[in-house]
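Okay, so here's the structure we're looking at.
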Amino acid sequence: MLKALFREEWLEASQVHEQRVSGFTRPFLNRRHEGRAHPVEDFLFTYYTLSPAQFTRWHPGVGTILLDAQDRADWKFYRPATKAELQEASAPEGASGVVVDLESFVTKRETAIRFTRELLSNTVAKTGTFDCFGLHEWAMAYKAQENGVRHEYVGLRLGAEGTNAVVESHKIRCSHFDAFRFFQPQAVDRNELQPTRETQRRMEQPGCLHANMDLYKWAYKLLPAVNSDLLADCFELAWDVRRTDMEASPYELSEWGYEPVRIETPAGKAEYVRRQRDFAARSDNLRRRLLAVTELLLPETCSSESAESQSPPRPIGYPAAAPGVSQ
């Protein structure tokens with residue numbers, strides 16, 4: 001069912017969104033202007049490809065007509081609302097507006113939509129695993145004396161030898177390909193799982209911090225069909241996940257106000273798992289909301305794909321570009 005928003009309504013919604021995200025975007029833009037870097041927060045604007053300006057732009061999502069919105073008529077994947085659509089939305093007689101152009105969006109992004117739905121459906125159907133303890137970050141810093149430290153301006157909390165000892169005394173079970181691909185060469189064979197891009201859709205699981213952080217990516221890949229409230233919710237989850245990911249890492253971050261989650265100790269492991277379970281619960285709601293958008297975009301295939309996602313879980317991934325999904 002279509003609904004219509006008057007100009008003052010959608011302008012207010014746009015302003016509310018801009019205020020919500022400015023607390024994240026403004027510090028990053030200020031640092032970039034001053035030539036400074038932040039080892040935790042910059043990641044969400046450098047690894048992920050949605051620019052601060054694009055993040056700030058508000059979208060109503062599927063099913064909403066923006067009345068008196070000629071200034072948005074040339075936005076990508078928008079089109080003028082038809083007379084029939086305006087009538088369905090109970091718009092005033094003679095009103096005009098713009099709406100997300102679903103036909104054009106699906107035509108150009110169908111491969112990405114299908115990939116996203118399969119990935120999210122498979123992940124929703126799994127039970128999370130909580131025994132990785134964030135060791136992927138340690139594997140990326142393994143043998144620093146030979147490989148160098150990835151974050152050259154951040155030291156190692158336990159030093160190079162201490163970091164190596166943690167890696168060598170633990171089992172590593174990283175299921176996320178785009179974390180695994182950054183492992184130092186000497187750590188690759190230490191991973192009990194060997195995720196690949198081809199197995200990514202099967203190996204994602206809801207206990208994985210990076211799979212949950214990447215919900216932000218899948219949300220912005222579906223813009224403007226996804227509404228900006230959902231996008232911002234996914235970003236805020238990613239923000240919180242990133243903090244824990246780095247607090248549990250081998251890096252010394254006290255200069256930036258971060259207390260370590262000492263996963264090399266029993267207490268640190270317990271705290272990591274507690275946070276991991278909380279993120280898994282938050283991500284389940286967001287994943288289902290994103291899936292609902294894909295079902296609106298491709299309703300004719302959702303039943304068969306949904307049935308496939310309920311099949312018994314297969315072996316249990318930091319997606320970057322996926323097949324058919326451009327960065």
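Quick caveat, the model's predicted, so the values are computed rather than measured.
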Can you check whether Pro206's main-chain N or O pairs, donor with acceptor, with Thr123's side chain at less than 3.5 Å? no

Would the Phe130 and Phe279 ring centres measure less than 6.0 Å apart? no

Side chains of Gln145 and Glu161: does their closest heavy-atom pair fall under 4.5 Å? yes

Test your reading of the model: is there a side-chain donor-acceptor pair from His38 to the backbone of Val40, 3.5 Å cut-off? yes

Across all chains, not counting sequence neighbours, the side chain to side chain contact (heavy atoms under 4.5 Å, CB included) partners of Glu271 are Val261, Arg274, Arg275

Has the side chain of Tyr258 got a donor or acceptor atom that lies under 3.5 Å from a matching backbone atom of Met246? no

Ser121 versus Arg117, side-chain donor and acceptor atoms under 3.5 Å: no

For the residue pair His170 and Trp138, is the inter-centroid distance of their aromatic rings smaller than 6.0 Å? no

Near Glu8 CD, under 6.0 Å, is it more than 12 heavy atoms from other residues, nucleotides or ligands? yes

Would you call the rings of Phe43 and Tyr47 parallel, tilted or perpendicular, where under 30° means parallel and over 60° means perpendicular? parallel

Taking the side chain from Thr199 and the backbone from Arg202, do they hold a donor-acceptor pair closer than 3.5 Å? no

Apply side chain to side chain contact (heavy atoms under 4.5 Å, CB included) to residues Val21 and Ser228 and explain how you reach the verdict. CA-CA 10 Å; Val21 305; Ser228 289; over 6 Å; no

Can you check whether Ile172's main-chain N or O pairs, donor with acceptor, with Glu192's side chain at less than 3.5 Å? no

Under the rule for side chain to side chain donor-acceptor pair (under 3.5 Å), what residues qualify as partners of Asp74, not counting sequence neighbours? none

Nearest 0.5 angstrom please: Glu247 CD to Glu259 CD, how far? 8.0 Å

Dump the intermediate steps for salt bridge (Lys or Arg N to Asp or Glu O under 4.0 Å) on Arg7 and Asp71, then the final yes or no. CA-CA 11 Å; Arg7 184 175 180 86; Asp71 45 340; 3.2 Å; yes

Residues in side chain to side chain contact (heavy atoms under 4.5 Å, CB included) with Asp131, at least two apart? Thr129, Arg173

Sub-3.5 Å donor-acceptor pair from the side chain of Ser169 to the main-chain atoms of Ala165, do we have one? yes

Can you find a heavy atom in the side chain of Leu44 that is under 4.5 Å from one in the side chain of Phe28? no

Sorted by chain and residue number, the side chain to side chain donor-acceptor pair (under 3.5 Å) partners of Glu34 (sequence neighbours excluded) come out as Arg36

Report yes if some heavy atom in the side chain of Val166 is under 4.5 Å from a heavy atom in the side chain of Leu158; otherwise report no. yes

Check: Lys269 side chain, Ile263 main-chain N or O, donor-acceptor pair, under 3.5 Å: yes

With rounding to the nearest 0.5 Å, note down the distance linking CG in Leu119 to OG1 in Thr294. 11.0 Å

Quick one: does Val154's side chain get under 4.5 Å of Trp256's, heavy atoms only? yes

Less than 4.5 Å apart, side chain to side chain, heavy atoms only: is that true for Val167 and Leu135? no

Ser90: partners by side chain to side chain contact (heavy atoms under 4.5 Å, CB included), with sequence neighbours left out: none

Any idea how His136 and His210 line up, ring-wise: parallel (<30°), tilted (30 to 60°), or perpendicular (>60°)? perpendicular

Salt bridge (Lys or Arg N to Asp or Glu O under 4.0 Å) between Arg114 and Glu118, intermediate numbers included: CA-CA 6 Å; Arg114 292 185 185 280; Glu118 182 181 358; over 6 Å; no

Geometric class of the Phe45/Phe55 ring pair [parallel <30°, tilted 30-60°, perpendicular >60°]: tilted

In short, salt bridge (Lys or Arg N to Asp or Glu O under 4.0 Å) pairs touching residues 13-28 with sequence neighbours left out are Arg20-Asp233, Arg20-Glu236

What do the steps show when you test Arg72 against Trp10 for side chain to side chain contact (heavy atoms under 4.5 Å, CB included), and what is the final call? CA-CA 12 Å; Arg72 295 195 173 206; Trp10 61 260; 3.3 Å; yes

Quick note, salt bridge (Lys or Arg N to Asp or Glu O under 4.0 Å) partners involving residues 56-69, not counting sequence neighbours, are none

Checking side chain to side chain contact (heavy atoms under 4.5 Å, CB included) for the pair Arg243/Asp240: CA distance, chi angles, key distance, verdict? CA-CA 5 Å; Arg243 182 182 183 105; Asp240 293 342; 5.8 Å; no

Tyr220 versus Gln54: any side-chain heavy-atom pair under 4.5 Å? no

If the condition is side chain to side chain contact (heavy atoms under 4.5 Å, CB included), which residues does Lys143 pass it with, not counting sequence neighbours? Glu146, Asn147, Asn164, Glu168, Gln186

Pairs satisfying salt bridge (Lys or Arg N to Asp or Glu O under 4.0 Å), at least one member in residues 97-108, at least two apart: Arg79-Asp101

The ring-ring contact (aromatic ring centres under 6.0 Å, His included) partners of Tyr142 (sequence neighbours excluded) come to none

Working to the nearest 0.5 Å, report the span between CD of Glu12 and CG of Leu5. 10.5 Å

Residues clustering with Ile65 (ILVMFWY side chains joined when closer than 4.5 Å, directly or via others): Leu2, Phe6, Leu67, Leu86, Val99

Under 3.5 Å, is there a donor-acceptor pair between the side chain of Asp42 and the main chain of Ala37? no

Asn212 side, atom CG; Thr244 side, atom OG1 - distance, nearest 0.5 Å: 11.5 Å

Counting N and O atoms only, with roles assigned by atom type, does the side chain of Tyr216 sit under 3.5 Å from a partner on the main chain of Trp239, one being a donor and the other an acceptor? no

With ring centroids as reference points, do Phe183 and Phe180 lie under 6.0 angstrom apart? yes

Applying salt bridge (Lys or Arg N to Asp or Glu O under 4.0 Å) to Arg277 and not counting sequence neighbours gives none

Could you point out which residue of Tyr48, Phe235, Phe115 forms a ring pair (Phe, Tyr, Trp, His ring centres under 6.0 Å) with Trp218? Phe115

Give the intermediate values and the outcome of salt bridge (Lys or Arg N to Asp or Glu O under 4.0 Å) for residues Glu264 and Arg157. CA-CA 11 Å; Glu264 69 275 17; Arg157 179 167 56 81; 2.8 Å; yes

I'd like to know if the side chain of Gln194 and the backbone of Thr196 have a donor-acceptor N/O pair within less than 3.5 Å. no

Tell me whether Val16 shares a hydrophobic cluster with Phe24, the cluster being built from Ile, Leu, Val, Met, Phe, Trp, Tyr side chains joined at under 4.5 Å. no

Between CG on residue Leu215 and CG on residue Leu286, distance to nearest 0.5 Å: 6.0 Å

Start with the C-alpha gap between Leu209 and Gln276, add the side-chain angles, then the distance that decides, and say whether side chain to side chain contact (heavy atoms under 4.5 Å, CB included) holds. CA-CA 7 Å; Leu209 263 63; Gln276 199 176 18; 3.5 Å; yes

